[in-house]
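Residue numbers run from 1 in the order of the sequence given.
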Amino acid sequence: MIILKITTKKLYRKSKKIGDYFVYFNGYFEKELNKKISLKFKSRSIGFLDKDKKLIEISRCVENGLPLYYFLRHNEIVISSHIKAFITKKPNLRENKKVVAELLNYGYVLPPSTIYRDIFKLSLLDKMVINLNNGLNITTEKLFKNRGIERNSIDISEYIEENIKFDKNRKYTLFFSGGLDSSILCTLMKKQKIKFNMFSTGFNFDVTDLIEKEYSLSASKELNKKTNYVSFDFKKLILKIPEIIFITEEPISHVQTLLLYGLMKEQKNKMNQILINGQGADGIFGTSSQFRFINSQDELDLPKINFFGLNFLKKGYLMNKERNKREFLERLNGYNKIDRDFLVDIEGDVDNTINSWTKCANSNSFSIIYPFFQKRFIREVGKMDWKFRLKEPKHILRKLGRKNNLSEELITRKKGTFGPISNNWGEYLFCILPISYTYFNKKKLRSFISNKKNRYILWNIINYSIWRKIFIDGISPNDIKIQLNKLMK
């Protein structure tokens with residue numbers, strides 16, 4: 001857990017004095033050649049301290065996969081990777097009603113807002129500057145901006161391979177879906193003669209869900225590297241939702257989180273301590289929906305900011321819905337449609353998922369690496385013209401796959417679903433819906449989720465309700481697990 005506190009109060013010995021302020025940090029301070037002092041946590045820098053200028057710069061270390069939240073009060077700021085660092089008594093956290101519509105619609109909240117009132121999140125694309133010259137003044141600056149002007153920049157596929165390196169002295173476990181991203185990682189690990197094993201996973205509702213198994217096993221066979229396929233009963237994984245939310249401290253946005261957490265718990269003795277995951281590749285290098293948009297084949301969904309009716313929300317939440325929509329759009333001012341989509345995907349879905357998976361891994365004594373999710377890749381790709389970046393779907397990664405002799409079938413086959421395909425999963429969620437009745441209009445809620453098109457909204461509703469019970473109402477995860485078990489009998 002990262003904790004950085006800047007305050008006028010002298011509390012501990014381990015601190016740096018800057019003007020009237022003390023800087024407390026549970027990592028370590030390391031002097032740099034430019035006279036700046038680096039703030040490092042487990043060998044990764046999260047910022048710099050300049051005593052002469054009385055400035056502190058904080059930015060996210062995406063390699064460690066952890067978020068950075070911050071809480072402000074008079075003459076003091078606390079920055080931490082974990083919400084629990086802000087808890088002084090139970091329960092003292094408050095819900096941010098303004099963003100509930102956004103959360104239910106998308107499954108995540110865009111920074112700097114969070115689902116917690118008065119607690120903010122630093123975007124991985126921003127830098128926080130804390131000026132201590134005259135009080136405590138905080139501003140944020142964009143680290144990256146999609147310029148999209150270059151066509152003949154560096155060979156990005158070659159650049160990716162050059163910057164994805166593994167330690168030959170360590171052993172790894174690769175989460176292998178059989179898609180292009182994980183197939184490239186498998187190929188690069190073999191090429192570098194790395195010691196690793198692979199695990200694949202999926203739900204086991206019925207025969208339709210076996211698509212994931214066939215997808216991963218066929219790719220495993222082509223790459224001549226065995227993968228261990230483990231399937232899970234969705235009902236059993238539902239019971240793990242309270243435990244996962246307690247660990248991740250936010251509602252679960254990605255249903256695949258259940259599968260990865262299940263693997264970490266049940267296959268712990270067979271997996272190596274360092275996990276590898278391809279998450280983030282699509283977000284950085286381009287999605288299929290972005291390709292279709294560029295080629296005028298489709299419209300992008302996210303820039304429409306089309307919040308659902310959500311008429312089941314109670315009065316206090318409905319009042320904030322339109323205000324949230326306006327603030328959501330203001331955060332994306334100055335960007336064209338496709339750059340908006342890029343930002344929302346990176347800062348919302350991708351970052352939220354990586355934060356959750358990292359905390360799940362850490363809680364099970366694993367570390368986890370996302371080789372494609374690097375700031376240097378975001379920087380270089382951001383220079384490229386979109387049409388050059390997406391000459392074809394997943395152009396950059398397909399080019400890298402071809403350079404490494406992957407078959408054209410594996411490179412171009414349709415992306416797998418990697419989530420519950422069967423309609424049965426919606427039935428399981430429907431039966432635990434009473435967990436949410438305290439917070440919504442029961443009649444309108446049941447009417448809303450009776451439409452199968454809203455099943456992912458149903459997933460968000462249930463996760464939000466469980467999060468609220470734990471962090472706002474102070475109910476223990478185990479008590480909620482017992483309640484869920486009774487509802488599913």
Side-chain angles (χ1 to χ4, degrees), residues 95-97 99-109 115 203-206 208-209 232-259 261-262 306-318 320-321 352 356 417 419-489:
E95 176 189 28
N96 182 5
K97 292 184 178 182
V99 300
V100 170
E102 181 181 336
L103 174 74
L104 297 182
N105 192 55
Y106 295 135
Y108 51 79
V109 177
I115 190 62
F203 297 101
N204 62 357
F205 287 112
D206 51 45
T208 56
D209 291 280
F232 288 94
D233 182 334
F234 187 56
K235 182 178 178 181
K236 289 182 179 178
L237 289 181
I238 283 177
L239 296 177
K240 294 188 182 297
I241 292 177
E243 180 182 337
I244 295 171
I245 290 177
F246 181 74
I247 291 166
T248 63
E249 305 177 307
E250 294 192 44
I252 304 169
S253 62
H254 203 311
V255 69
Q256 197 180 8
T257 303
L258 300 185
L259 292 169
Y261 189 75
N306 183 25
F307 289 165
F308 282 84
L310 305 181
N311 64 343
F312 53 83
L313 286 170
K314 291 187 176 179
K315 185 177 179 181
Y317 297 87
L318 281 170
N320 283 291
K321 193 178 68 166
N352 184 277
S356 295
T417 55
I421 304 166
S422 169
N423 289 327
N424 293 337
W425 86 288
E427 294 173 10
Y428 277 116
L429 293 181
F430 192 85
C431 79
I432 62 170
L433 187 61
I435 204 89
S436 305
Y437 287 165
T438 308
Y439 309 119
F440 302 106
N441 181 302
K442 177 180 173 181
K443 185 178 179 180
K444 291 180 179 179
L445 177 60
R446 290 181 66 89
S447 174
F448 179 84
I449 58 91
S450 63
N451 186 337
K452 289 183 179 179
K453 291 180 180 179
N454 295 331
R455 65 178 184 171
Y456 278 99
I457 301 292
L458 171 58
W459 167 257
N460 296 336
I461 287 167
I462 287 169
N463 277 276
Y464 158 78
S465 302
I466 294 173
W467 164 83
R468 186 167 165 181
K469 285 179 181 294
I470 294 171
F471 287 97
I472 306 303
D473 299 339
I475 300 172
S476 78
N478 193 56
D479 287 346
I480 300 170
K481 179 181 177 179
I482 292 169
Q483 187 180 354
L484 291 173
N485 197 33
K486 288 179 180 177
L487 289 171
M488 287 191 290
K489 284 183 177 178

Pairing residues for K442 by the side chain to side chain contact (heavy atoms under 4.5 Å, CB included) criterion, not counting sequence neighbours: Y437, R446

Pair K469-Y439, side-chain contact (heavy atoms from CB on, under 4.5 Å): steps then yes or no: CA-CA 10 Å; K469 285 179 181 294; Y439 309 119; 3.1 Å; yes

Inter-residue atom distance I244.CD1 - T257.OG1, 0.5 Å rounding: 7.0 Å

Interatomic distance, I115 atom CD1 to I472 atom CD1 [nearest 0.5 angstrom]: 8.0 Å

Approximate separation, where rounding is to 0.5 Å, of F440 CZ and I449 CD1: 12.0 Å

Contact summary for W467 and E250, nearest pair of heavy atoms: CD1-CA, 4.0 Å

Non-hydrogen side-chain atoms of L429 and F234 separated by less than 4.5 Å: yes

Any F232 side-chain heavy atom under 4.5 Å of N204 side chain: no

G262 versus L237, closest heavy-atom pair with distance: CA-CD2, 4.3 Å

Distance, nearest 0.5 Å, that separates CD1 of I480 from CG of L239: 12.0 Å

Distance in Å, F203 CZ paired with Q256 CD, rounded so as to fall on 0.5 Å steps: 8.0 Å

Atom CZ of F430: over 12 foreign heavy atoms under 6.0 Å: yes

Nearest heavy-atom neighbours spanning S447 and S450: O-OG, 2.6 Å

Heavy-atom side-chain proximity of I466 to L484 below 4.5 angstrom: yes

S253: partners by side-chain hydrogen bond (donor to acceptor under 3.5 Å, both in side chains), with sequence neighbours left out: N352

Pair listing, side chain to side chain donor-acceptor pair (under 3.5 Å) test, anchored in residues 479-489, at least two apart: S476-D479

Flag, side chain of D473 to backbone of I475, donor-acceptor distance under 3.5 Å: no

Nearest-0.5 Å distance, CG of residue L487 to CG of residue L433: 9.5 Å

Nearest non-hydrogen partners of P477 and E243, listed with the distance: CB-N, 4.3 Å

Close side-chain approach of Y261 and I247, heavy atoms under 4.5 Å: yes

Output a table of donor-acceptor pairs, distance under 3.5 Å, between side-chain atoms of residues 457-465 and any protein atom two or more places apart or on a different chain; print 'none' if there are none.
{"residue": "W459", "atom": "NE1", "partner": "I252", "partner atom": "O", "Å": "3.2"}
{"residue": "N460", "atom": "ND2", "partner": "L104", "partner atom": "O", "Å": "2.9"}
{"residue": "N460", "atom": "ND2", "partner": "Y456", "partner atom": "O", "Å": "3.4"}
{"residue": "N463", "atom": "ND2", "partner": "W459", "partner atom": "O", "Å": "2.8"}
{"residue": "Y464", "atom": "OH", "partner": "E95", "partner atom": "OE2", "Å": "2.3"}
{"residue": "Y464", "atom": "OH", "partner": "R468", "partner atom": "NH1", "Å": "3.0"}
{"residue": "S465", "atom": "OG", "partner": "S436", "partner atom": "OG", "Å": "2.8"}
{"residue": "S465", "atom": "OG", "partner": "I461", "partner atom": "O", "Å": "2.8"}

